[in-house]
Engineer: 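One structure follows; several queries about it will come next.
Labels below follow one simple rule: chain letters A, B, ... track the order of the sequence lines, proteins then strands, and each chain is numbered from 1.
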Amino acid sequence: MPNITLPDGKIVNFPKKITGFQIAEKISKSLAKEAVVISINGKLKDLDSVIENDCSVKIFTSKNQEGLETIRHDTAHILAMAVQELFPKTQVTIGPVIENGFYYDFARKEPFTEDDLKKIEKKMGEIVDRDLITKREVWNREKAIKHFEKKGEIYKAELIKSIPDGEDVSIYFHGEWHDLCRGPHLSSTGKIGKFFKLTKVSGAYWRGDSRNEMLQRIYGTSWATQKDLDNYLIRIEEAEKRDHRKLGKEMDLYHFREESPGSVFWHEKGWALFQKLIDYMRMKQDEAGYKEINTPEVLDRSLWEKSGHWDKFGSNMYTSTTPDEKIFAIKPMNCPGCVEVFNQGLKSYKDLPLKMSEFGKVHRYEPSGALHGLLRVRAFTQDDAHIFCTEDQITKECLVVTNLILEIYKDLGFENVILKYSDRPDVRVGDDQVWDKAEAALLEAVKATKLEYTINKGEGAFYGPKIEFVLRDAIGRDWQCGTLQVDFNLPGRLGASYVDKDGAKKIPVMLHRALFGSLERFIGILIENYAGKFPFWISPLQTVVIPISEEFDDYAIKVSKEIKSSGISSIVDLKKHNLNYKIRDHSLAKIPLLLICGKKEVDTNSVTIRRLDSNKQENMELKKFLTTYSALNKAPSK
RNA sequence: GCCCUUGUAGCUCAGCUGGUAGAGCAAUUGAUUUGUAAUCAAUAGGUCCGCGGUUCGAAUCCGUGCGGGGGCACCA
């Protein structure tokens, strides 16, 4: 009879076979009430699975991630059931749990509307109220396939066919309605509660392949309590308020227009921010021994053929045909141009590592559906650099790059960084020995950062392994920014070489790296991270001087001039509006410092400071203001 | 690129089942000269995204193109 090991190590013997639910009851009444799912020897199972043999178990409630995910999975099932009750000809496909919720993909000719979502939600509530008991059956594979084919559920039948031999084909019943499912599920539909909401409908390809037909996906969110659901919805709203597309407009930073989808029209303030980031990077890279170069935007087709881009990425490249019918490509990457600079003149091993940086504007013809504000554009500026080095130098140079990246992220307010390490893909160039070396070198650099990292098997570039730097913003979202790639391919293809100690010509290794990735993208991330309230030193317009009445215009103009000559940006607001109006106006524009000037200030040669999001007033002598804020007008690490 | 959805003044939006457009803010002008988040009034402002169709008549209905949004696919 089973000896059950509980999470605290206690072993309890039961005289006969028992279910998870009965174990929970033995432990406590409240656990029995709240229990959602059980793990038996580490595998999640239904609470009413019968246990006959010795094992260790753990019972989860909705407070555990495992429990919550089970609830979400159940909600997805109820969604499918509700949809089939309302729209009988709809076929069900898959409905997994995702972060914060779930989705379910359906095959149906007519599109689901927003109204349908409301109806479906209501029906889901009814199903919960019916409190249908969950029943699990294991079916013979052939029987299951026939059954679903007969029902007209061709997708389900296809899914069953792809279940590996030896695995159970389990069917879950909620009343009459049933679905192929791995489980586990709650014991009845009533257990799920009504803390769910359907959020959106969209298209999704069957099995994620764009060659397949498109299904309709309904997304939903589901929680253990009403409070959790409310909090989640509030979180979504807060994130929407930070949307860089909304703030970019409100703060007058940039805009897009039809004539050039996916290309930014930078306004004065947005461009000021852009330039500040570049100034900052220049300083950091100069310190780190980079030499800044610049290469042509338009380059002859033959170069792209040699580099391999024409073949592999041609469909994403803009091209241009001249009046005399020559074909040029607008660069989608800076690397070939950079190699050309390396190739000019003879290089010695003494020149290595040679670090060349470039703020290169690249154009990529991205699919229209991929465009998204500043985060995914067709024309963007990379803070790119290429490091030419020997194989022996790879590890050290990778370490230097990762440290530089982390320092820069920290300066800009991102301390939470994780790494994604990708190794050799199936389709690749170069010997395995060289790959071994490159992967080991890069992995060593990853480990040296002591940061959390994931290994993405087979996702490296065709020319070498890579690391991607993912930063987590103020509200917990992840953004992929920087990248570091080891390249054994391109230098050879483009004929790069250096003269080694022994006088022989050798091919250098090239490291590609970008820290922000794309300036455009990074600015979008910055806006959302700070909700538009930038730290003083990168704020595109740092001060607005406001005279209390026309009488003090001259003083305000004088103050603003002095501020500007100390390197802090400033404008004077001479509009014919009252003080309250101007304070509101510039507060909404998220100007960090408003400087009020009236009689008192003129008399004492001072300004009264009002900081963004504070209604405190602080009077300060102009001289002191200039020294105080000049000191604050630079990166934290400086 | 694919599915769904959407496009009205500089911005945010209203405009029911077809009868050639409206608000608030912004702008301009005038009055007010203001001490910490919207002073008052007047004026001006629109190829209702483009093209084509249905209709006596289209912002409204249909087709198509372009752009935006949500996803999917893509992301060197």
Side-chain angles (χ1 to χ4, degrees), chain A residues 103 105 108 110-114 116-117 199-219 240 243 245-246 249-250 252 255-262 304 307-309 311-317 331-336 362 364-373 375-378 380 382 425 459-463 466 468 480 483 485 487 490 512 517-518 521 546-553 575-589 594-601 608-619:
Chain A
Y103 65 76
D105 286 349
R108 174 176 180 242
E110 302 74 29
F112 291 115
T113 64
E114 292 293 316
D116 292 340
L117 285 196
T199 48
K200 55 199 170 200
V201 216
S202 81
Y205 297 108
W206 167 237
R207 299 208 145 164
D209 189 329
S210 60
R211 287 166 303 188
N212 289 342
E213 58 273 55
M214 184 151 282
L215 307 170
Q216 293 188 68
R217 175 170 297 179
I218 297 180
Y219 283 91
E240 276 168 14
D243 192 313
R245 292 166 299 184
K246 182 171 170 282
K249 206 183 268 177
E250 282 173 15
D252 192 19
H255 82 277
F256 287 95
R257 55 176 57 230
E258 278 190 29
E259 289 92 332
S260 189
W304 302 106
S307 72
H309 289 87
D311 233 25
K312 203 152 184 258
F313 312 112
S315 59
N316 284 316
M317 283 162 71
K331 66 176 174 183
M333 296 179 81
N334 301 304
C335 21
V362 296
R364 300 178 185 178
Y365 194 71
E366 301 285 2
S368 58
L371 303 180
H372 182 93
L375 301 183
R376 190 81 184 268
V377 287
R378 284 181 175 153
F380 59 96
Q382 289 184 312
E459 288 189 25
F462 68 93
Y463 47 73
K466 65 179 179 184
E468 274 150 348
Q480 193 170 305
T483 171
Q485 306 174 2
D487 183 354
L490 198 59
H512 304 242
S518 128
R521 182 149 206 268
I546 305 175
I548 266 165
S549 75
E550 274 172 31
E551 200 186 325
F552 310 108
D553 280 2
K575 282 196 293 270
K576 288 176 72 180
H577 280 294
N578 62 29
L579 182 59
N580 280 335
Y581 183 94
K582 292 182 182 179
I583 284 176
R584 180 181 151 83
D585 196 31
H586 297 116
S587 296
L588 289 175
L594 302 183
L595 306 175
I596 318 296
C597 298
K599 179 157 191 319
K600 191 169 84 191
E601 288 74 17
T608 295
I609 306 167
R610 182 189 165 115
R611 291 185 184 79
L612 185 58
D613 281 341
S614 158
N615 52 13
K616 274 197 222 128
Q617 298 170 38
E618 185 189 351
N619 186 262

Engineer: Could you run through nucleotides 70-76 of chain B and give me one letter per nucleotide, 5' to 3': B if any protein heavy atom sits under 4.0 Å from the base, S if only the sugar-phosphate is that close, - if neither?
Structural biologist: BBBBBBB
Engineer: For B:G69 versus B:U17, give the span between their P atoms, rounded off to a whole number of Å.
Structural biologist: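 Pairwise P distance, B:G69 against B:U17, rounds to 28 Å.
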Engineer: Could you check which nucleotide pairs with B:U47 in any of the strands shown, counting Watson-Crick or G-U wobble with both distances under 3.5 Å?
Structural biologist: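 Pairing partner: none.
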Engineer: Quick one: NZ on A:K582 to NE2 on A:H577, what's the gap to the nearest 0.5 Å?
Structural biologist: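 Those atoms lie 8.0 Å apart.
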Engineer: Identify the nucleotide, in any strand shown, that forms a Watson-Crick or G-U wobble pair with B:C72, with both distances under 3.5 Å; if there is none, say none.
Structural biologist: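 Checking every strand shown, B:C72 finds its partner in B:G1, with both distances under 3.5 Å.
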Engineer: A:S549 side chain N/O closer than 4.0 Å to the phosphate oxygens (OP1, OP2) of B:U34?
Structural biologist: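 No, A:S549 has no side-chain N/O under 4.0 Å of OP1/OP2 on B:U34.
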Engineer: Any strand counts, and the cut-off is 3.5 Å on both contacts for Watson-Crick or G-U wobble. Which nucleotide pairs with B:A14?
Structural biologist: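 Looking at the geometry, B:A14 pairs with no nucleotide.
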Engineer: Is B:G67 paired to anything, Watson-Crick or G-U wobble with both distances less than 3.5 Å, and if yes, which nucleotide?
Structural biologist: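 Pair assignment: B:G67 / B:U6.
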Engineer: B:C40 pairs with which nucleotide, Watson-Crick or G-U wobble, both distances below 3.5 Å?
Structural biologist: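 Here B:C40 is engaged in a pair, and the nucleotide opposite it is B:G30.
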Engineer: Considering every strand shown, what is the Watson-Crick or G-U wobble mate of B:C56 when both distances are under 3.5 Å?
Structural biologist: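 WC or wobble partner is B:G19.
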Engineer: Could you state the interatomic distance from CG (A:D105) to CE (A:M214), rounded to the nearest 0.5 Å?
Structural biologist: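 Answer for the CG-CE pair, A:D105 versus A:M214, is 10.0 Å.
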Engineer: C1' atom, B:G10 versus B:A76: distance in rounded Å?
Structural biologist: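 Going atom to atom, C1' in each nucleotide, I get 39 Å.
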Engineer: Check this for me: does the side-chain of A:E551 come within 3.5 Å of the base of B:U33 through a donor and an acceptor?
Structural biologist: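 No, the side chain and the base share no sub-3.5 Å donor-acceptor pair.
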Engineer: Side chains of A:D585 and A:K575: closer than 4.5 Å at any heavy-atom pair?
Structural biologist: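 They are in side-chain contact.
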Engineer: May I ask you to verify if any side-chain N or O of A:K249 is less than 4.0 angstrom from the OP1 or OP2 atom of B:U12?
Structural biologist: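 A:K249 to B:U12 OP1/OP2: side-chain N or O found under 4.0 Å.
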Engineer: Indicate yes or no: at least one non-hydrogen side-chain atom of A:S368 is less than 4.5 angstrom from one of A:R378.
Structural biologist: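 Counting from C-beta outward, A:S368 and A:R378 do come under 4.5 Å.
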Engineer: One character per nucleotide, please: for nucleotides 35-51 of chain B, 5' to 3', B when the base has a protein heavy atom closer than 4.0 Å, S when only the sugar-phosphate does, - otherwise.
Structural biologist: BBBBB------------
Engineer: Find which nucleotide of RNA chain B each of A:P111 and A:P261 is nearest to by heavy atoms, and output the residue with the more 5' nucleotide.
Structural biologist: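 The answer here is A:P111.
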